[in-house]
Every structure is written in structure tokens, then in C-alpha cells.
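The figures that follow rest on heavy atoms only: side chains count, while hydrogens, waters and symmetry mates do not.
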Amino acid sequence: MNSITRLVLRWILNCFALFFVMKLIPGIQIDHFQDLLIGTLILGLLNVFIRPVFVLLTLPVTMLTLGLFTLVINGFMFYLAAHLVHGFRVSGFGTAFVAALLYSIFSFILNMVFLPKK
């Protein structure tokens with residue numbers, strides 16, 4: 001499987017993870033299918049480009065909390081993605097925090113099951 005195919009498959013699996021989170025948590029609303037696709041893409045881009053900057057800037061707090069502050073950063077990335085995509089809404093930061101946690105778990109499991117190691 002080439003790298004483009006793996007990337008597209010990972011994106012599709014993360015779309016399923018976001019869909020499951022939306023169905024499980026009442027404070028998350030995604031209006032249309034394309035909002036789900038764009039929301040997953042924006043969430044992935046934020047986690048690749050913006051999240052490392054936040055992790056680096058909050059490194060002392062992260063070390064002080066033994067890494068638990070990264071959960072807050074993940075919640076913030078989820079909340080930010082919801083504000084950047086028009087049809088993707090999150091009711092509050094607490095909802096985003098729980099949603100980010102579930103999204104990470106679902107995404108991890110789906111990628112582990114459907115994407116074999118190279």
C-alpha cells in the first residue's frame with residue numbers, strides 16, 4: 001500500500017471516528033457530510049502544525065502535570081477545529097475535551113485495526 005493510499009484511508013478512518021464521537025456526545029453537531037470531511041481534515045492539520053507549538057510552549061506545565069496537560073491541548077485543538085469549520089459545532093470546552101479524548105481513542109483503535117504496520 002503506497003503512502004497516498006494510507007493517508008486517504010487514515011483520513012476516512014478518522015472521519016468515522018469523528019462521526020462516532022458526534023453520535024455519542026450530545027454537544028457536538030455536524031450539519032453536512034462535507035463538514036465532517038472538512039472538520040476531520042482541519043483537525044488533522046491543526047494536530048500536525050499547531051499542536052506541537054502548543055506542546056512546546058506549555059512544556060513546563062506539561063511536565064508539572066506529568067503529561068496530563070496534553071489532554072487540555074487536545075481539547076483546545078478540537079474546540080479550535082469546530083470554530084474554523086462552519087457546519088461543525090461544539091457546545092463548550094468541556095464537551096470538546098471529552099470529544100477529543102474519545103476521538104483519540106476511536107481513531108487509534110480504527111487505525112490499529114484497519115491499517116497494518118509497514
Do [X] and [Y] have side chains that approach each other closer than 4.5 Å (heavy atoms only, starting at C-beta)?
X	Y	result
N14	L110	no
F54	M77	yes
R10	N111	yes

Hey, quick one: are [X] and [Y] part of the same hydrophobic cluster, counting side-chain heavy atoms closer than 4.5 Å, chains of contacts allowed?
X	Y	value
F16	V113	yes
L56	F76	no
I73	L57	no
L59	F49	no
L102	L68	yes

Please report the closest heavy-atom contact between [X] and [Y], naming both atoms and the distance.
X	Y	answer
L43	A81	CD1-CB, 3.8 Å
P26	L24	CD-O, 3.6 Å
F78	A99	CE2-CB, 3.5 Å
Y103	T40	OH-CG2, 3.9 Å
G39	F88	CA-CD2, 4.2 Å
L41	W11	N-NE1, 3.7 Å

Q) Would you find more than 12 non-hydrogen atoms of other residues, nucleotides or ligands less than 6.0 Å from I4 atom CD1? A) no
(Q) Between T65 (side chain only) and V61 (backbone N and O only), is there a donor and an acceptor less than 3.5 Å apart? (A) yes
Q: Verify, without hydrogens or angle tests, whether T58 (side chain) and T62 (backbone) share a donor-acceptor contact under 3.5 angstrom.
A: no
Point-to-point distance, once rounded to the nearest 0.5 Å, from [atom1] of [X] to [atom2] of [Y]:
X	Y	atom1	atom2	result
L13	R6	CG	CZ	10.5 Å
L36	I30	CG	CD1	5.0 Å
N2	L7	CG	CG	10.0 Å
L18	L37	CG	CG	9.5 Å
F69	N74	CZ	CG	11.0 Å

Q | Aromatic ring proximity, centroids under 6.0 angstrom, F33 and F19 | A | no
Q.
Restricting to side chain to side chain contact (heavy atoms under 4.5 Å, CB included), what partner residues turn up for D31, sequence neighbours left out?
A. Q29, D35, R89
**Q.** Geometric class of the F106/F20 ring pair [parallel <30°, tilted 30-60°, perpendicular >60°]
**A.** perpendicular
(Q) Can you list everything that forms a side chain to side chain donor-acceptor pair (under 3.5 Å) with S104? Sequence neighbours excluded, please. (A) none
Q: Going by the side-chain contact (heavy atoms from CB on, under 4.5 Å) test, name the single residue among I25, I28, L80 that passes it with V90.
A: I28
